[in-house]
A.B. asks: 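Could you have a look at this structure, given as structure tokens, before my questions?
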Amino acid sequence: MDFSHVDLSPEDQAFRDETRAFIAKHVTDEVLHRQLQFGENFDEGVHLALGEAGYLASDWKLESEGGFSPVRRRIFQLEIARAHTPWYHWGTTSVVARLVRQFGAPELADRVLPGVLSGEIRLCLGYTEPEGGSDVATCKTRAVRDGDAWIINGSKMFTSNAQNARYVFLLTNTDPRGPKHRNLTMFLVPLDSPGIEIQGIRTLDGDRTNIVYYSDVRVDDLYRIGEVNGGWTVMRAALDSEHGVVEAEDHGLQYIAAMAAHGDLMAEVVDAVAAAVARPGPDGRRPIDDDSVKYRLGRAVARMEAALSTPGMFGRVAVAQTMRDVTPDLMDMLGSASALPTETPGSATDGAAEHLYRLALPLGIYGGTLEVFRNMIAQHGLKLGRPSYGG
Ligand SMILES: Cc1cc2nc3c(=O)[nH]c(=O)nc-3n(C[C@H](O)[C@H](O)[C@H](O)COP(=O)(O)OP(=O)(O)OC[C@H]3O[C@@H](n4cnc5c(N)ncnc54)[C@H](O)[C@@H]3O)c2cc1C
């Protein structure tokens, strides 16, 4: 990995300036206010504008296919993150679109991919079920063959962004009596199919997700992704990408940790708290002159830097665990005004530390819980074998 300084060429500097201006134009205060109110992590206007300007296509494609160079990809990621663009679900659409191309019928890929790149088609994930999500292979949602089609019945918990998506990448059970991992089949189900009901759920940090019910939903076999009962192969490719167990490239410009975008947010809040505690209070004293504030701020900075530099799935645990560990300290240093949320008069750092505190819990759940990741690290990273709960 190369940690050296990157000098931008004049062309890349121009790209950065254009991208920054583009994002400033589209990610307005109104967009950010809507995000605060509804927590959708998605804004159709912004998304379509990114599609129209070609950013989605450049981000989705590999460099060899005409996509961003590693430097431009990094510039783009950083500018998107700095503006707090409500855009986290693009990662899901992007990964699922790749799987459609890899495992789906060419006719289906032709139907879906142009809309993905223009921004009109969004894709969401339907793995988790109300009775448990960590062990996705225990899936109970049934798909039963009916001529050239399938009939789907079941329910899925936490299908984030379903309300803005055209299709759900759905994990189903096609052979309840078959062996585990060899009885699953994936579909790309059109969300406007009769029999689908989407109900919104708000999480602790204000994000919107959904529970989705499937009652006798009829889906043509064209929408099957991968082999019948071969869904685990497709799922593995999706999960490996989500879990950060894919090989890192050696240019050193991509995020080091898996799911690291929230780490940028943590860095921003730590900086904001550092600035706030360096300002004199009404009594003329600066909180930073207190040794305990110095110690806790220093510890938060060191933990954050270490987490952001921890690779792959190890980094996924480090970022979320660090966020959980340091946010109580960050709020404490700011005093009781830190408990007031964003856009509340008198709130410290405009509620940024308080929001990060609430975000830390779900961040350690979605995409796989920290406990499950620790098991994966033990088993696959450290080769310690399968966990035994037998006592
Ligand atoms: C905001 C949010 C958005 C989400 N978005 C999506 C989405 O878009 N699509 C989707 O399909 N899912 C989504 N999820 C679901 C998410 O992936 C699951 O919540 C997660 O995998 C955990 O599953 P569960 O909630 O069913 O908990 P369970 O699997 O029931 O786990 C309960 C507890 O047991 C622990 N546990 C479970 N198994 C083990 C084990 N083997 N070893 C040690 N401890 C274990 C867990 O860590 C947890 O503490 C989202 C979740 C949230 C909170």
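Order of appearance sets the numbers: ligands from 1, and atoms from 1 within every ligand.
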A.B. asks: Fit a plane to each ring of Phe76 and Phe68, take the angle between them on a 0 to 90° scale, and name the class: parallel (under 30°), tilted (30 to 60°) or perpendicular (over 60°).
C.D. replies: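 Phe76 vs Phe68 ring planes: tilted.
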
A.B. asks: What are the atom names and distances for all N or O pairs under 3.5 Å between ligand 1 and the protein?
C.D. replies:
residue: ligand 1; atom: 5 (N); partner: Phe158; partner atom: O; Å: 3.1
residue: ligand 1; atom: 5 (N); partner: Ser160; partner atom: OG; Å: 2.8
residue: ligand 1; atom: 8 (O); partner: Phe158; partner atom: O; Å: 3.0
residue: ligand 1; atom: 8 (O); partner: Ser160; partner atom: N; Å: 3.0
residue: ligand 1; atom: 8 (O); partner: Ser160; partner atom: OG; Å: 3.4
residue: ligand 1; atom: 9 (N); partner: Leu125; partner atom: O; Å: 2.9
residue: ligand 1; atom: 9 (N); partner: Phe158; partner atom: O; Å: 2.9
residue: ligand 1; atom: 11 (O); partner: Tyr127; partner atom: N; Å: 2.9
residue: ligand 1; atom: 11 (O); partner: Thr128; partner atom: N; Å: 2.9
residue: ligand 1; atom: 11 (O); partner: Thr128; partner atom: OG1; Å: 3.2
residue: ligand 1; atom: 12 (N); partner: Thr128; partner atom: OG1; Å: 2.7
residue: ligand 1; atom: 12 (N); partner: Phe158; partner atom: O; Å: 3.4
residue: ligand 1; atom: 23 (O); partner: Ser134; partner atom: N; Å: 3.4
residue: ligand 1; atom: 26 (O); partner: Gly133; partner atom: N; Å: 2.5
residue: ligand 1; atom: 29 (O); partner: Gly133; partner atom: N; Å: 3.4
residue: ligand 1; atom: 29 (O); partner: Ser134; partner atom: N; Å: 2.9
residue: ligand 1; atom: 29 (O); partner: Ser134; partner atom: OG; Å: 2.6
residue: ligand 1; atom: 41 (N); partner: Tyr389; partner atom: OH; Å: 3.4
residue: ligand 1; atom: 42 (N); partner: Asn375; partner atom: ND2; Å: 2.9
residue: ligand 1; atom: 42 (N); partner: Tyr389; partner atom: OH; Å: 2.9
residue: ligand 1; atom: 47 (O); partner: Thr369; partner atom: OG1; Å: 2.7
residue: ligand 1; atom: 47 (O); partner: Glu371; partner atom: OE1; Å: 2.8

A.B. asks: Can you tell me which residue pairs pass the side-chain hydrogen bond (donor to acceptor under 3.5 Å, both in side chains) test with a partner in residues 182-191, sequence neighbours excluded?
C.D. replies: Thr174-Thr185

A.B. asks: Determine, for Asp207 against Arg202, whether the closest basic-nitrogen to carboxylate-oxygen distance falls under 4.0 angstrom.
C.D. replies: no

A.B. asks: Below 6.0 angstrom between ring centroids: does that apply to Tyr88 and Phe42?
C.D. replies: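 No, too far apart.
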
A.B. asks: Give me the ring orientation class for Trp90 and Trp87: parallel if the planes are under 30° apart, tilted from 30 to 60°, perpendicular past 60°.
C.D. replies: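 The arrangement is parallel - the two ring planes meet at less than 30°.
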
A.B. asks: May I ask you to check whether Phe158 and Tyr366 place their ring centres under 6.0 Å from each other?
C.D. replies: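 No, too far apart.
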
